[in-house]
Amino acid sequence: MPELPEVEALRDFLTEHLVGHEIVRVLPVAISVLKTYEPPLTALEGRTVEGVARHGKFLAIDTGGLHLVTHLARAGWLHWKDRLPDGQPRPGKGPLALRVALETGAGFDLTEAGTQKRLAVYVTADPRTVPGIARLAPTLPQGLQDQGGPPAPDFDEARLAALLDGERRQLKGALRDQSLIAGIGNAYSDEILHAARMSPFKLAASLTPDETHQLYEALRGTLTEAVERSRGVAAGRLKAEKKSGLRVHGRTGEPCPVCGDTVREVSFADSSLQYCPTCQTGGKPLADRRMSRLLK
């Protein structure tokens, strides 16, 4: 799933390639991605792009008061084309969901792989009316606020401590909660906890002041590094760039780059987490009930 660093890089890319250009055609291929019907997609045609904003993991393309908003979800992606294919795309079983064409002949496709269709597209006068954006936390580390959106209050250690105070959830779940800290998903929550040397199962409310400091520095450092690494990377190379910078996420069975221990995994019904036992759990593997059942 694209997370804050990749969506921010896409915002930069689209700002450079869309602003000042006219949208001449918006072609829905998979009707299921459309979450609003009024105004219609055709209302965007003939309008000029004035800006691109990021709200958590949402992108909002502003055409002068009317916004095309999208959330790429787990398997969605944006593919830029300097020259779009001629003709109208046909609905079918392929990944193409939506095409946006400019007056220059360039444009982009929104695609979604797999069978779980969660890619979402909205047309709205105010992005804050999109349910997922309305629920977003307004707090992010300084320099990582939603770009093009409303300013967020300062995010410091005290703010993080206040957010986690009384949170009886595990750190992994708390970091992924978009109403708590917007923009972090499955991959970067693994990376942040590895950098902080904390178990993903540790209760958020149990952090000491020193541990809160440790987590804050890891969160800020991990996201800032990922944003800088993704900045200027073309849309088509962002997925590979993200994967190349991950230390534990998606690297089950590989050696930890910090200590050399084997990266392990805990599987859930629709996701998994990766961690290093030596760096994060005192050398003890975490219980993986799903795997335990398979081994019986």
Side-chain angles (χ1 to χ4, degrees), residues 1-5 56-57 73-75 113-116 118 135 137 157 160-223 225-226 239 242-296:
M1 177 185 289
E3 300 178 38
L4 184 154
K57 292 185 280 188
R74 177 172 297 178
T115 58
Q116 293 185 352
R118 298 177 180 175
R135 292 193 298 267
E157 286 182 45
L160 178 61
L163 289 171
L164 298 181
D165 184 37
E167 276 288 335
R168 302 304 300 173
R169 289 178 293 175
Q170 297 166 346
L171 278 175
K172 172 74 175 180
L175 288 176
R176 294 182 63 187
D177 184 348
Q178 300 303 292
S179 67
L180 201 66
I181 306 172
I184 301 172
N186 197 34
Y188 287 110
S189 56
D190 282 350
E191 296 298 300
I192 290 166
L193 291 169
H194 179 254
R197 304 180 71 87
M198 292 182 185
S199 168
F201 289 177
K202 185 178 182 66
L203 288 181
S206 70
L207 296 187
T208 66
D210 285 345
E211 288 172 330
T212 300
H213 171 77
Q214 201 170 327
L215 180 62
Y216 175 79
E217 291 298 320
L219 187 155
R220 183 185 178 99
T222 298
L223 293 182
E225 179 184 339
K239 285 186 178 181
K242 174 181 180 178
K243 186 174 181 180
S244 70
L246 299 176
R247 295 186 172 192
V248 292
H249 184 79
R251 300 197 180 278
T252 303
E254 298 181 22
C256 169
V258 174
C259 71
D261 194 1
T262 301
V263 174
R264 293 178 179 261
E265 175 175 310
V266 177
S267 299
F268 303 99
D270 60 352
S271 66
S272 63
L273 65 83
Q274 286 80 41
Y275 69 100
C276 170
T278 294
C279 291
Q280 296 175 254
T281 60
K284 298 178 181 179
L286 295 173
D288 186 346
R289 285 176 289 181
R290 186 180 181 190
M291 289 303 298
S292 296
R293 289 197 299 269
L294 292 173
L295 293 173
K296 286 182 179 179

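If you read the sequence from its start, that first residue is 1, and numbering goes on from there.
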* Verdict with reasoning, H194 to V263, per side-chain contact (heavy atoms from CB on, under 4.5 Å) -> CA-CA 10 Å; H194 179 254; V263 174; over 6 Å; no

* Show your working on side-chain contact (heavy atoms from CB on, under 4.5 Å) between I192 and M198 and close with a plain yes or no. => CA-CA 9 Å; I192 290 166; M198 292 182 185; over 6 Å; no

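Closest approach of L219 to L175, counting heavy atoms only: CD1-CD2, 4.1 Å. Among all heavy-atom pairs drawn from V248 and Q274, the shortest one is O-CB, 3.2 Å. When all heavy atoms are compared, the tightest approach of R251 to L246 is NE-O, 2.5 Å. In terms of heavy atoms, I184 sits closest to K57 at O-NZ, 3.9 Å. Between S267 and S272 the shortest heavy-atom distance is CA-CB, 4.1 Å. Pairing each heavy atom of S199 with each of L171, the nearest pair is O-CD1, 4.1 Å.
The closest donor-acceptor contact from the side chain of E167 to the backbone of L164 lies at 3.5 Å or more, if one exists at all. In this structure a side-chain-to-backbone donor-acceptor pair under 3.5 Å is present from Q178 to G183. Between the side chain of Q280 and the backbone N or O of T278, no donor-acceptor pair lies under 3.5 Å. E3 places a side-chain N or O within 3.5 Å of a backbone atom of Y188 that can act as its donor or acceptor partner.
If you take CG on L203 and CZ on R169, they are separated by 11.5 Å, rounding to the nearest 0.5 Å. How far CG of L193 is from SG of C276: 12.5 Å, rounded to the nearest 0.5 Å. The CZ atom of F268 lies 8.0 Å from the NZ atom of K172; values are rounded to the nearest 0.5 Å. Rounded to the nearest 0.5 angstrom, T222 OG1 and E217 CD are separated by 10.5 Å.
Contact of the P285 side chain with the Y275 side chain is registered, since non-hydrogen atoms from C-beta on lie closer than 4.5 Å. Side-chain contact between R220 and L160 is absent, with no heavy-atom pair separated by less than 4.5 Å. The shortest side-chain heavy-atom distance between N186 and H249 falls under the 4.5 Å cut-off. Side-chain contact between S271 and R74 is present, with heavy atoms from C-beta onward closer than 4.5 Å. Using a 4.5 Å cut-off on side-chain heavy atoms (C-beta onward), P5 and K242 make no contact. Under the 4.5 Å side-chain criterion, counting only non-hydrogen atoms from C-beta, F201 is not in contact with T281.
There is a side-chain donor-acceptor pair under 3.5 Å between E157 and H213.
In the displayed structure, K239 atom NZ is contacted under 6.0 Å by more than 12 heavy atoms of other residues, nucleotides or ligands.
A salt bridge between R247 and D190 is absent, with no side-chain N of the basic residue lying under 4.0 Å from a carboxylate O of the acidic one.
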